[in-house]
Amino acid sequence: MIVVGVRFKKVGKIYYFDPENNQYSYGQNVIVETSRGIEFGMVVIPNRDVNDDTIVPPLKPIIRVANSEDIEKNKENKEKSQEAFQICKEKIKAHKLDMRLISSELTFDNSKLIFYFTADGRIDFRDLVKDLAAIFKTRIELRQIGVRDEAKYLNGIGICGRTLCCSTFLGDFHPVSIKMAKDQGLSLNPTKISGVCGRLMCCLKYEQNVYEELLKKLPKEGDLVETPDGQGEVLSVNVLKQTLKVAIRKPPKNDVGIAFFSSDEVKILKRRYKKDENINNEDLKDILD
C-alpha cells in the first residue's frame with residue numbers, strides 16, 4: 001500500500017496517511033485529520049509502498065498541502081502555546097500542586113490545549129483545569145509523562161558530548177535492559193550506563209544485535225573448555241575480538257597457566273552457570289524502573 005509518513009513534532013512519532021494518488025516530497029508541510037482534530041505536520045517519508053502488516057487501516061487522507069495562511073496560523077499557535085505555558089505555571093504555583101510543567105501544545109484548529117507535566121505520583125488537577133478552561137475558552141488536557149519523555153522535550157548533552165538521541169532522531173523509545181550492558185561488557189555502575197533522564201541509555205540498544213550474534217560463538221565465563229594446550233576454565237571473553245582468556249592446568253606439574261585463544265580454537269565441554277548478584281544491586285533499581 002502506498003503511504004506518506006507525517007511527523008507533527010521535530011523528533012516525534014511518524015504517522016502514515018493516504019496520499020490519494022497525489023505525490024508528496026520530503027519537507028512539505030501538510031494539513032491532515034487526526035484523532036485530535038485537524039493538525040499541521042511535515043512530510044518525512046514521501047510516497048512509499050509499505051507492507052500492509054505495518055499499518056492499521058483505515059488510513060486517513062492528507063487534506064491538502066499547507067498554504068501560506070496555514071504556515072502563519074501554525075506560527076501563531078506556537079506563540080499562543082508559549083503564553084499558555086507561562087500562565088499554566090503561575091496557576092500551578094497558585095494551586096500549590098507538586099508537579100513540573102514541561103511543555104504546552106495547541107492543536108492547529110484550536111480545539112484543544114494540551115499541557116505535559118511530570119510528577120512523582122498522582123495529581124488532583126481538577127481545579128487547575130477549570131481555571132485554565134475559563135481563561136482559554138477551549139478544551140484543556142493535562143498529560144503526565146515519564147522522565148524519558150521529559151528529557152526528549154527539554155533536550156540536553158549526553159555523556160558522549162552530543163545532544164540527546166531522543167531529541168535528535170529517535171522517534172520512539174525502545175526497551176533497554178541491564179542484560180544489554182552485561183553483553184557489551186560494560187560496568188554496571190549506574191552512573192556509567194544511565195542517561196541524563198536517570199534511566200538506562202538508549203544507545204545500549206544500537207549494537208545489541210551484533211553483540212548477541214557474536215556471543216553465540218563464544219563460551220561464557222566459568223565454562224570448561226578444551227584448548228590446544230589442554231582443558232581449562234574460561235576467565236574472560238573479548239566479544240569484539242572473539243578471543244578467550246583461559247586458565248589451563250598443565251600436566252604433569254599441575255601448574256595453572258594462563259593462555260589466550262580465538263573462539264575457533266576451543267570446544268565447550270561443560271557449561272557453568274553463575275548467578276550474577278549485580279542484577280539485584282540496590283543501586284540499579286532506579287535506572288531499571
Side-chain angles (χ1 to χ4, degrees), residues 3-17 24-30 32 34-36 39-48 50-51 53-56 59 74 78 81 85 100-105 107-108 114-119 141 143-214 284-289:
V3 301
V4 171
V6 177
R7 181 175 274 164
F8 302 103
K9 298 176 184 177
K10 183 180 178 182
V11 196
K13 186 177 179 180
I14 297 175
Y15 297 88
Y16 288 144
F17 289 88
Y24 295 92
S25 58
Y26 178 86
Q28 272 188 310
N29 293 316
V30 292
V32 297
T34 69
S35 57
R36 301 196 312 181
E39 290 280 20
F40 181 98
M42 186 179 77
V43 175
V44 291
I45 300 179
N47 298 53
R48 177 185 296 180
V50 300
N51 194 317
D53 296 336
T54 63
I55 61 176
V56 180
L59 290 183
N74 182 60
K78 289 183 177 180
S81 67
F85 181 86
R100 182 184 180 192
L101 191 63
I102 302 301
S103 178
S104 60
E105 181 182 346
T107 57
F108 182 75
I114 306 169
F115 295 96
Y116 301 91
F117 71 94
T118 58
E141 183 175 331
R143 291 186 184 176
Q144 186 170 354
I145 60 176
V147 289
R148 286 184 185 270
D149 294 298
E150 179 183 6
K152 186 180 183 74
Y153 274 106
L154 299 180
N155 203 349
I157 304 296
I159 60 174
C160 58
R162 300 174 66 90
T163 52
L164 301 182
C165 296
C166 57
S167 297
T168 308
F169 61 87
L170 283 183
D172 292 316
F173 290 111
H174 299 287
V176 184
S177 68
I178 198 70
K179 179 180 179 297
M180 296 179 182
K182 284 175 56 62
D183 289 347
Q184 296 171 37
L186 301 177
S187 167
L188 296 185
N189 184 338
T191 60
K192 300 287 183 67
I193 57 176
S194 57
V196 297
C197 61
R199 299 293 185 263
L200 290 170
M201 293 188 296
C202 294
C203 56
L204 293 176
K205 175 75 175 177
Y206 299 166
E207 299 175 354
Q208 181 60 19
N209 291 340
V210 175
Y211 275 92
E212 288 179 353
E213 199 63 34
L214 293 175
L284 293 172
K285 285 187 176 180
D286 289 339
I287 63 174
L288 294 173
D289 289 340

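This structure is a prediction, so every number in the text was calculated from the model and none was measured. Reckoned from all heavy atoms, side chains included, excluding hydrogens, waters and symmetry mates.
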**OP:** Using the side-chain hydrogen bond (donor to acceptor under 3.5 Å, both in side chains) rule, collect all pairs that involve residues 149-159, keeping only residues at least two apart or in two chains.
**Re:**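 Qualifying pairs: Lys9-Tyr153, Arg100-Glu150.
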Taking the side chain as every heavy atom from C-beta outward, state whether [X] and [Y] have any pair of such atoms under 4.5 Å apart.
X	Y	answer
Met201	Val176	no
Thr168	Arg162	no
Ile178	Leu200	yes
Cys165	Phe169	yes

Rounded to the nearest 0.5 Å, how far does [atom2] of [Y] lie from [atom1] of [X]?
X	Y	atom1	atom2	value
Asn74	Phe108	CG	CZ	6.5 Å
Phe115	Ser103	CZ	OG	9.5 Å
Leu186	Met180	CG	CE	12.0 Å
Arg148	Thr118	CZ	OG1	15.0 Å
Leu170	Tyr206	CG	OH	4.0 Å
Lys205	Gln208	NZ	CD	7.5 Å

**OP:** Answer yes when Arg36 and Glu105 have at least one side-chain N-carboxylate O distance shorter than 4.0 Å, and no when they do not.
**Re:**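 Between Glu105 and Arg36 there is a salt bridge, with a charged N closer than 4.0 Å to a carboxylate O.
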For [X] and [Y], which heavy atoms make the closest approach, and how far apart are they?
X	Y	answer
Tyr24	Asn47	N-OD1, 2.8 Å
Leu164	Ile157	CD2-C, 4.0 Å
Thr191	Asn189	OG1-OD1, 2.9 Å
Cys202	Phe173	SG-CD2, 4.1 Å
Val3	Tyr16	CG2-CD2, 3.7 Å
Leu204	Ile193	CD1-O, 4.3 Å

Subject >> Among Val44, Val30, Asn29, the one residue meeting side chain to side chain contact (heavy atoms under 4.5 Å, CB included) with Val6 >> reply: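 Testing each of Val44, Val30, Asn29 against Val6, the sole residue satisfying side chain to side chain contact (heavy atoms under 4.5 Å, CB included) is Val30.
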**OP:** Flag yes if more than 12 heavy atoms outside Glu207 fall under 6.0 Å of its CD atom; otherwise flag no.
**Re:**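 Counting other residues, nucleotides and ligands, CD of Glu207 stays at 12 neighbours or fewer.
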Original post:
If you draw a 6.0 Å radius around CZ in Arg143, do more than 12 non-hydrogen atoms from other residues or ligands fall strictly inside?
Top reply: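 Enclosed.
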**OP:** Determine the interplanar angle of the Phe17 and Phe8 rings, folded into 0 to 90°, and report it as parallel if under 30°, tilted if 30 to 60°, perpendicular if over 60°.
**Re:**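 Perpendicular.
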Subject >> Donor-acceptor under 3.5 Å (Gln184 side chain, Tyr211 main chain) >> reply: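 Answer holds: no.
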**OP:** With sequence neighbours left out, write down each residue that passes side chain to side chain donor-acceptor pair (under 3.5 Å) with Ser167, or none if nothing qualifies.
**Re:**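 Residues passing side chain to side chain donor-acceptor pair (under 3.5 Å) with Ser167: none at all.
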